[in-house]
2 protein chains.
Amino acid sequence: MKKQLSIKDIAKLSGVSTATVSRVLNDNGRFSKETREKVLSVVKEFGYSTNSVAKTLREQKSHTIGMIVPDISNEFFSSLITQIESYFFDKGISTIICNTNKDAEKEKAYLKSLDAKLVDGLICISGQEEIDETQLSRDIPIVCIDRQPKVSNNIAIVGSDHVDGGYKATKYLIDKDCKRILLLTKDNNTTSSNDRIDGYKKAIKEAHLQLDPDLVIRASSKKISKFETAQKSIEEVLSRDLEFDGIFATNDWLAYGAIQTLKKNQISVPEEVKVVGFDNDSISKYTTPSITTIHQEVNCIAEKAADILYQLMSKPGMQINEHYINVPTRLIERETT
Amino acid sequence: MKKQLSIKDIAKLSGVSTATVSRVLNDNGRFSKETREKVLSVVKEFGYSTNSVAKTLREQKSHTIGMIVPDISNEFFSSLITQIESYFFDKGISTIICNTNKDAEKEKAYLKSLDAKLVDGLICISGQEEIDETQLSRDIPIVCIDRQPKVSNNIAIVGSDHVDGGYKATKYLIDKDCKRILLLTKDNNTTSSNDRIDGYKKAIKEAHLQLDPDLVIRASSKKISKFETAQKSIEEVLSRDLEFDGIFATNDWLAYGAIQTLKKNQISVPEEVKVVGFDNDSISKYTTPSITTIHQEVNCIAEKAADILYQLMSKPGMQINEHYINVPTRLIERETT
DNA sequence: CTCATTTGAGTAATCGTTTACGCAACTATA
DNA sequence: TATAGTTGCGTAAACGATTACTCAAATGAG
């Protein structure tokens, strides 16, 4: 049965006080070279490592950030996570990733738990509603990605310019001579997809095309994958004999599902219908035909979010000068248009 | 500036001692109905929530488990994570997910950090080497998934029966009349892929086919995606004019990459070459042709792992009776065979 | 040699909980 | 009316670190 060694044990073994051991380990305060050697050798020999719970309690600082994410299996999210986590790791800060599975209750619970764990910062990625930072017991620095806070007191919001992304995608289809463009999206209510839809509408209006509500499909995605959601929606649309010559899908898996369904119905892409997706997910790159899509600059978003959060954490009381940081998107032309 | 309330504040506000507040909040010990009401109302009014760092320090129990995973963007892993996390969430235990990005140093650092955070249990998923549980300062219950511990003292190892999976895949190709089956795998050294290869060899030998080392491709996957890895390997194989009529790829993205590359080279699947993948990743289901694959029972693996860990956590000192829990795989027939 | 300064290290308070222990005030029993 | 048992709650000691205060000893300046 292993027993964790405490700083007291090390103090006793090195013949000094706990204060001295602490000073040596944190290289903070005064001690002679000899005591240093002595303490370090004891630490090494007996394999002591500091109890970070006690350290956190005393310092009121956990050297840890929390990250709330709706779905780690989403490629865009997992890239963000990986990069942000890596950024903070290099600074000696560890990351607690909380996967809420899009469950609002779970999100609340995790928010509370992170708060109680004294995390030094918070990154909140996407989600159905605003993030409710009001229930936090302390003023924790927060950065949102593709998400709004409830009271945007001193919270930065980083994300792609989704309106412009949606606009670019739609405009591109229009330029390719599409007249009736189907908008395919899931029925969840994230700010990012709403923005993309706004971009779509903007482009349609600007081109003086008819904004046909029938062409806007908010597909229910209960318990089924995005692919299947798209499949079902397109089958349904085809059965209604609704005419369309272009599809803007608000993510690549929807686009992919749509394309496969069109194929199955002997409708050729891009000849009869052109398709644009969103996210530049691997699937868009590797499928045949490869999917024209709107690329989000994940690296840039991750870096900006991490940078801002780190600054907020380092300088308590710092005020954010820019609340919204919009990162431009990029259209990637591929075979579906 | 918000200041976190402590139990002392609540005690003062309710006119009782901290002990009583604690007893009420944990419903543990004796107190009158009136004090209960009083304390709870104060708690509600002032929005107190307990500091779990202090609680953890005092209880020597964090109600938290750690999970070490090489790559959260892998679909199999992210399913495991989601399910295990959900299992423990329901039991009031939160999960810290650590993404090591396949970096051994990072893994060590995170292991140490989780140890220092006093996690009550540990799940270690896959990885290049054995998990080095010897550097832990306490006896933390551990369950490995597709992974070996360094000293398998009292550690359960859960996972698919990869040998059998590899065998099934290969045997199936053989039954479909393939004579020269290419094995396509990444050059990383995980136990699971090694096992799959063993299964391949077993099937080949059993059928008295020639075990041609040229047919075993361990593709280098440095800095490129699995798809590209497969692409490169197959191009290379084709340029060598190596003959083959079947491919067993140790995961679905490799299979997918291989299929697309064959197509590009006017080799038809399944007519000229039949392909079997592994994992039953979404891609295998949704691509055309859909990929025959070996399904891993993620739900079952996740549940078993979680169950065992939870038991070990609940009954300290409990001995594991079964060290290896092998979950059978299932072949899913699709269009590539 | 004297007095001021620097150096090294110990003492004890603190962070916010939980809980063993003790004790007064009730309640119940005979 | 004693006495035993129960109930409600407060006191204080942990948990394992950090750090503000001390203070003796060593060092330096004049």
Side-chain angles (χ1 to χ4, degrees), chain A residues 2-40 42-43 46-64 112-113 115-120 137-138, chain B residues 2-40 42-43 46-64 112-113 115-120 137-138:
Chain A
K2 245 192 240 175
K3 171 89 182 72
Q4 201 185 15
L5 291 173
S6 80
I7 204 171
K8 266 191 198 161
D9 301 314
I10 302 302
K12 207 163 283 174
L13 288 163
S14 339
V16 296
S17 73
T18 62
T20 301
V21 175
S22 173
R23 282 190 282 253
V24 168
L25 290 174
N26 297 295
D27 197 9
N28 170 357
R30 298 186 299 232
F31 45 84
S32 72
K33 193 151 187 169
E34 293 82 56
T35 14
R36 200 187 102 93
E37 309 268 284
K38 179 67 193 164
V39 168
L40 290 183
V42 169
V43 164
F46 294 88
Y48 163 82
S49 72
T50 162
N51 179 321
S52 59
V53 175
K55 191 184 171 100
T56 297
L57 180 61
R58 169 64 221 229
E59 290 186 327
Q60 295 290 70
K61 208 170 188 313
S62 60
H63 307 276
T64 299
K112 200 167 169 179
S113 148
D115 182 26
K117 285 196 163 101
L118 303 185
V119 291
D120 303 331
S137 70
R138 304 166 299 138
Chain B
K2 246 192 241 177
K3 172 85 181 75
Q4 202 184 16
L5 291 174
S6 79
I7 204 170
K8 267 189 200 161
D9 301 312
I10 301 303
K12 207 163 285 174
L13 288 163
S14 340
V16 296
S17 72
T18 61
T20 302
V21 176
S22 173
R23 282 190 283 251
V24 168
L25 290 174
N26 297 296
D27 197 11
N28 169 357
R30 300 185 298 228
F31 46 84
S32 72
K33 195 154 187 172
E34 294 82 55
T35 13
R36 199 188 102 94
E37 310 268 285
K38 179 69 193 160
V39 168
L40 290 183
V42 170
V43 163
F46 294 88
Y48 163 82
S49 72
T50 161
N51 179 320
S52 61
V53 176
K55 190 184 171 95
T56 298
L57 180 60
R58 170 62 223 231
E59 290 187 324
Q60 297 289 72
K61 207 167 186 317
S62 59
H63 306 277
T64 298
K112 202 169 167 175
S113 147
D115 182 25
K117 285 196 164 98
L118 303 185
V119 292
D120 303 331
S137 70
R138 304 166 300 138

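Below, chain A is the first sequence line, B the second, and so on; all start at residue 1.
The side-chain heavy atoms of A:Phe46 and A:Leu13, taken from C-beta on, include a pair separated by under 4.5 Å. Taking the side chain as every heavy atom from C-beta outward, B:Val39 and B:Val16 approach each other to under 4.5 Å.
Using a 4.0 Å cut-off on heavy atoms, none of the residues of residues 31-40 of chain A approach DNA chain D.
Per the geometry, NZ belonging to B:Lys61 stands 23 Å off P belonging to C:dG16, to the nearest Å. Summarising the geometry, the separation between NZ on A:Lys12 and P on C:dA9 is reported as 19 Å, rounded to the nearest angstrom. Look at CZ on B:Arg30: it is 13 Å from C1' on C:dC26, rounded to the nearest Å.
Note that the CD1 atom of A:Ile10 and the OH atom of A:Tyr48 stand 7.0 Å from one another [nearest 0.5 Å]. Atom CD1 of A:Ile7 sits about 13.0 Å away from atom NZ of A:Lys12, to the nearest 0.5 Å. Atoms CD and CG, from A:Gln60 and B:Asn51 in turn, are 6.5 Å apart once rounded to the nearest 0.5 Å. Atom CD of B:Glu59 and atom OG of B:Ser52 lie 10.0 Å apart (nearest 0.5 Å). How far CG of A:Leu5 is from CZ of B:Arg138: 12.5 Å, rounded to the nearest 0.5 Å.
Between B:Arg30 and B:Arg23, the shortest heavy-atom distance links the atoms O-NE, 3.8 Å. Closest approach of B:Val119 to B:Ser62, counting heavy atoms only: CA-OG, 3.3 Å. Contact between A:Ser49 and B:Asp115 at its shortest, heavy atoms only, is OG-OD2, 4.5 Å.
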- Which string of ( ) [ ] | and . matches DNA chain D, if you list each base 5' to 3' and count Watson-Crick or G-U pairs only when both distances are under 3.5 Å? ||||||||||||||||||||||||||||||
What nitrogen or oxygen pairs link the protein and nucleotides 11-18 of chain D at under 3.5 Å?
unit_1: D:dA14; atom_1: N3; unit_2: B:Arg58; atom_2: NH1; d: 3.1
unit_1: D:dC15; atom_1: O2; unit_2: B:Arg58; atom_2: N; d: 3.3
unit_1: D:dG16; atom_1: OP1; unit_2: B:Gln60; atom_2: NE2; d: 3.2
unit_1: D:dG16; atom_1: N2; unit_2: A:Ala54; atom_2: O; d: 3.3
unit_1: D:dA17; atom_1: OP1; unit_2: A:Tyr48; atom_2: OH; d: 2.6
unit_1: D:dA17; atom_1: OP1; unit_2: A:Asn51; atom_2: N; d: 2.9
unit_1: D:dA17; atom_1: OP2; unit_2: A:Ile7; atom_2: N; d: 2.2
unit_1: D:dT18; atom_1: OP1; unit_2: A:Asn26; atom_2: OD1; d: 3.4
unit_1: D:dT18; atom_1: OP1; unit_2: A:Asn26; atom_2: ND2; d: 3.0
unit_1: D:dT18; atom_1: OP1; unit_2: A:Lys55; atom_2: NZ; d: 3.1
unit_1: D:dT18; atom_1: OP2; unit_2: A:Ser22; atom_2: OG; d: 2.6
unit_1: D:dT18; atom_1: OP2; unit_2: A:Asn26; atom_2: ND2; d: 3.2
unit_1: D:dT18; atom_1: O2; unit_2: A:Arg58; atom_2: NH1; d: 2.2

